[in-house]
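Working notes for the structure below.
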Amino acid sequence: MTLDAVPPNTTPLTGQLLEIYTLRATRRYGLSAVNQLQHALQAATLAQRAGETPAMVIATLLHDIGHMIHGLGENPAAEGVDDRHEVAGADWLAQHFGAAVSEPVRLHVPAKRYLVATEPGYAQALSSDSVRSLALQGGPMSPAEIADFDRLPFADDARRLRRFDEAAKDPAAITPAFDHFLPLVQACLRRG
Ligand code: FE
């Protein structure tokens with residue numbers, strides 16, 4: 001979609017998201033065969049099909065927005081840099097949405113460290129770029145970190161988001177376009 005095709009009921013935020021995802025998300029997602037836009041749409045579609053709440057669908061759609069709002073390029077892990085994109089993304093989202101959107105995003109990297117430490121076979125199923133960034137992000141959680149994570153209010157949401165994230169790297173997947181999700185974005189906006 002070009003910016004000329006933005007729907008007439010676009011607000012400043014939805015316009016900004018359309019710009020980010022249609023103009024900045026077209027490069028490859030890490031080392032995988034999909035780009036950031038396809039990855040976001042696939043993940044959100046999986047969340048929606050799983051019957052997740054609007055907040056979880058939007059969190060899943062926007063979980064990697066931190067990759068697109070910093071200046072480090074598309075795949076800083078390849079250069080040995082942990083961009084902390086989950087923190088940048090969650091802080092940005094918290095300006096517009098409640099904690100049910102921003103906090104699963106903030107925890108989606110710790111959730112990977114959690115699942116690698118607690119679930120047999122999870123690490124083997126990770127993509128190669130996810131394995132590479134795992135080391136930069138601190139590796140598998142320690143037992144104390146696992147116990148701390150389990151106490152967080154959005155721990156379970158973050159673990160589910162993480163599974164949608166890992167499953168959203170299929171170059172053949174068919175998804176709706178980005179504007180399919182804009183009514184949910186509007187519904188999740190923080191009021192006042
Ligand atoms: Fe992702």
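- Salt-bridge check for Glu166 with Arg163: failed, with every basic side-chain N at 4.0 Å or more from each acidic carboxylate O.
- Side-chain atoms of Leu182 and Leu18, non-hydrogen and from C-beta on, do get closer than 4.5 Å to each other.
- Leu115 and Leu46 end up in different hydrophobic clusters when Ile, Leu, Val, Met, Phe, Trp and Tyr side chains are linked at under 4.5 Å.
- In this structure, His67 and Asp64 have side chains that are in contact, with non-hydrogen atoms separated by less than 4.5 Å.
- Within the 4.5 Å cutoff, the side chain of Gln186 has no heavy atoms near those of the Pro54 side chain.
- Residues forming a side-chain contact (heavy atoms from CB on, under 4.5 Å) with Ala117 (at least two apart in sequence, or on another chain): Pro140, Met141, Ile146.
- Once rounded to the nearest 0.5 Å, the distance linking CZ of Phe164 with CZ of Arg159 reads 13.0 Å.
- In this structure the side chain of Val185 reaches within 4.5 angstrom of the side chain of Leu17, judged on heavy atoms.
- Here the side chains of Tyr114 and Leu107 are not in contact, with every heavy-atom distance at 4.5 Å or above.
- Arg151 approaches Asp148 most closely through the heavy-atom pair NH2-OD1, 2.7 Å.
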Query raised in the report: For Gln48 and His180, what are the C-alpha separation, side-chain angles and deciding distance, and is it a side chain to side chain contact (heavy atoms under 4.5 Å, CB included)?
Result: CA-CA 11 Å; Gln48 200 164 38; His180 164 81; 2.9 Å; yes
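- Tyr21 and Phe178 have parallel rings, their planes meeting at less than 30° on a 0 to 90° scale where 60° marks the start of perpendicular.
- For the atom pair Ser102 OG and Gln95 CD, the distance stands at 10.5 Å (nearest 0.5 Å).
- The pair Asp91-Arg106 counts as a salt bridge, with a side-chain nitrogen and a carboxylate oxygen less than 4.0 angstrom apart.
- Separating the OG1 atom in Thr118 from the CZ atom in Arg113 is a distance of 12.0 Å, to the nearest 0.5 Å.
- A donor and an acceptor atom, one from each side chain of His108 and His85, are located under 3.5 Å apart.
- Across all their heavy atoms, Ala100 and Ala59 have their closest contact at O-CB, 4.3 Å.
- Rounding to the nearest 0.5 Å gives a distance of 11.0 Å between CG of Leu41 and CD of Gln36.
- Going from atom NE2 of His39 over to atom CG of Asp170 covers 12.5 Å, rounded to the nearest 0.5 Å.
- Hydrophobic clustering, with ILVMFWY side chains joined whenever heavy atoms are under 4.5 angstrom apart, keeps Val57 apart from Phe154.
- Under the 4.5 Å side-chain heavy-atom criterion for grouping Ile, Leu, Val, Met, Phe, Trp and Tyr, Leu13 is connected to Leu184 within one hydrophobic cluster.
- Residues Val105 and Leu62 have side chains not in contact (no heavy-atom distance under 4.5 Å, counting atoms from C-beta outward).
- Ile174 approaches Arg49 most closely through the heavy-atom pair O-NH2, 4.0 Å.
- Under the 4.5 Å side-chain criterion, counting only non-hydrogen atoms from C-beta, Lys169 is in contact with Ser127.
- Scanning both residues, Ser133 and Lys112, for their nearest heavy atoms gives OG-NZ, 3.0 Å.
- Looking at Arg160 and Pro104, their side chains never come closer than 4.5 Å, going by heavy atoms from C-beta outward.
- With rounding to the nearest 0.5 Å, the separation of OG in Ser130 from CZ in Arg162 is 4.5 Å.
- Of all non-hydrogen atoms in Ala158 and Ala111, the two that sit nearest each other are O-CB, 3.6 Å.
- Both Val131 and Val116 belong to a common hydrophobic cluster when Ile, Leu, Val, Met, Phe, Trp and Tyr are linked at side-chain heavy-atom distances under 4.5 angstrom.
- Across every non-hydrogen atom of Phe149 and Pro110, the tightest pair is CE1-CB, 3.7 Å.
- Hydrophobic clustering places Ile69 together with Leu37 (ILVMFWY residues linked when any side-chain heavy atoms are closer than 4.5 Å, directly or through intermediates).
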